[in-house]
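Right, one structure below, let's go through it.
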Amino acid sequence: TRLAFSNNSPSSVAATSSSSSSSTAETSAATESIGDDPLSASSGQLIVGVESKYRVVYRLVNSIYVLGITTADHDNSINVFECINIVNQAVSVIVTACRGVDVTPEKLSRKYAEVYMALDIVLRGVSNIRLAAMLSYMHGDGIAKMVHSALDTEAKIRGADTWPAVELHSTEHQSNIEAFSNASFELPPETLAAGDQKVSTIVPQSTIEQDEKMIKAEESEAEKDPFAASEAINKQEDLVGGFKKTKDPSATDLTLALAGLEVTTLPPAEATQSTDITVEGFEGKYGGIEFGSEQATLGEAFEGFTDAWGGGLDASEFLENKKVKKQEGLSGLELLQTGDSAAPTAAAAGADGGKSLENLLVKSTEMKGPEMYILEEISAEFRESLLARVGLMGVVYLRTMPPKVSGDKDTEFSFRVEGTSSVKRFVIQSSRCSSLGNGMFHVRTAPSEEPIPILKYSLLPRLTPLPLRVRLIKRLSGTLLSVMIQYVSNPELLAPLTDVTFVLKLPVDPTLLKVSPKAVLNRSERELKWHVPEVPLKGTPGKLRVRMPLDSADIDEELEVVGYVKFSVQGATSLSGVCLKPATEGKTDFYEVNHRYQSGVYTCN
């Protein structure tokens, strides 16, 4: 700031255009003195730094600069006015310590302990009331009074009572509540008897009798034992008296006796025929009823029940161990190898048994060295067919060698990032990675089991590629709501999108629903899901339709219908075109594995 003021000042220009007789030393001295002018750079703020930026709020007090330094985040999460307030409070502390604006290093050194403690309290946040109390204690009671000034200062200024003063009233109030809640009052028997006599004169006698009967009935039901023996046991046997003779002649008519019986009719002859099934793998005759004229004896009919219900539930059937001979080789994996060495590989695999397959899988998952990949998340919002907003955030991950393999040896190498023409900004994790300039980065970190994010970047919205365009159309005709989602893929993608899920948030819980194609309805979440196996790169746009009736109370022109899209793609290249390369050509410090991009908040409404 001083150099900027000195270079742009009129005196500097006059000094540079003066006659050749003026010396160079006088010119530089004039320039520096102008830069030291208190009115030129007495207070202000500026941002310094290249990779890690910091905001500096400064204020000049006589010959002392008071600097408030904080990080300059891209989202402005640091309150600038709070920093300015802290700097102003620090200036008040310094002026009070020096007993005026004549602030010098010598005066500050005499009150170094008080100033240090006061600035430490200011950085932790103080109110104006406590700051005034601290400044009053600066030259009097010392540091101890200054540190403990917050206990009762604000309470005294505002006129509030301290807790020790009001704690006694709270305790007394609580004890009174407990005393009244536990208090009980007993009436004398004479009072209760007089009350019953008065009630008997008011309530009708019939009501009292009914109540007494209900009480007796409840007592009798309660006393009855549900497991007691029946009273019929105590009755004497009367075989003849149990039959009553009737003189009605119709009682001997069998037709009347059989009139109420229902006889099940046999099925027609066509129903007894079996059905011939010709489906491959299920050939045969199914169903049908077969009537036989052979009559078996009672023993033959039930002889199957003598041994474990005719078989099928015998425990011995589950104890039999049938060993199936394994085929030679790796179940077809040996066919993957072609050439002269195919036969020895298959023979070796067969001799080793099933362990060779496990060894093959272990070898395929072994890491040769550090691996790096990019994970990108794209978010977009479509309003009908127009793109409202879009954003892409990418993260570069480093997967080091496992600690069991590498031990305590750090992973250290340099790499280069290419394809950054559409990148808006980079953010690096300074504890593990540093920038070397021109897209070169150097990483050094301890081994870890989990992937480590070392670099983040975001793209410019106008240069962000869209893998999928979505359009939502909503029509309300009377009480019938129709919604259609159209989607089309970006033809410049290297591979088509697969396993894409479309989720439609319904405004109400539908009673009737007509969808095309088939979808899954989640009534608790009021969501309708379609699963599209593949979206072709070129072709007609896909369509998802749904139609549902609404109640008259739910009809509203501003019905909110929102669609969400979820997808995830893994491949050799990233969606943004950003790629990772070794710092030196031909040197393999790391291995670039498959990248992945997925949908974030991808909506249409």
Side-chain angles (χ1 to χ4, degrees), residues 1-9 32-160 430-431:
T1 305
R2 289 174 54 200
L3 293 177
F5 282 127
S6 63
N7 293 334
N8 297 329
S9 62
E32 293 180 358
S33 65
I34 292 173
D36 286 334
D37 187 5
L39 299 178
S40 301
S42 60
S43 63
Q45 62 169 323
L46 65 152
I47 298 178
V48 298
V50 180
E51 295 179 1
S52 301
K53 295 184 178 182
Y54 299 92
R55 185 186 304 275
V56 180
V57 180
Y58 60 91
R59 185 173 171 183
L60 180 64
V61 184
N62 197 12
S63 61
I64 300 296
Y65 267 108
V66 180
L67 305 180
I69 305 173
T70 181
T71 56
D73 295 342
H74 64 279
D75 55 354
N76 294 327
S77 61
I78 303 299
N79 192 343
V80 180
F81 297 99
E82 185 178 354
C83 298
I84 297 174
N85 185 32
I86 292 176
V87 171
N88 293 335
Q89 290 178 345
V91 170
S92 301
V93 171
I94 293 175
V95 171
T96 304
C98 296
R99 299 181 183 274
V101 295
D102 188 15
V103 179
T104 59
E106 293 77 10
K107 292 182 178 180
L108 288 178
S109 61
R110 298 171 192 158
K111 287 287 183 179
Y112 181 81
E114 287 81 358
V115 171
Y116 185 89
M117 186 62 64
L119 291 181
D120 182 67
I121 298 174
V122 165
L123 284 177
R124 299 176 186 273
V126 293
S127 62
N128 294 331
I129 296 175
R130 189 187 178 191
L131 180 64
M134 287 168 47
L135 299 181
S136 64
Y137 298 141
M138 182 73 71
H139 299 283
D141 298 327
I143 300 177
K145 194 73 174 180
M146 183 189 307
V147 174
H148 299 288
S149 64
L151 295 177
D152 299 322
T153 301
E154 297 193 15
K156 291 178 181 178
I157 295 297
R158 294 190 175 96
S430 57
S431 60

Tell me which donor-acceptor pairs under 3.5 Å the side chains of residues 93-106 have, and how far apart each pair is, sequence neighbours excluded?
residue, atom, partner, partner atom, Å
T96, OG1, S92, O, 2.7
R99, NH2, H139, ND1, 3.1
D102, OD1, N62, ND2, 3.0
T104, OG1, K107, N, 3.4

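A donor-acceptor pair under 3.5 Å is absent between the side-chain atoms of D120 and the main chain of Y116, judged by distance alone.
Here the OH-CD distance, from Y58 to Q45, works out to 9.0 Å after rounding to the nearest 0.5 Å. How far OG1 of T71 is from CZ of R55: 9.0 Å, rounded to the nearest 0.5 Å.
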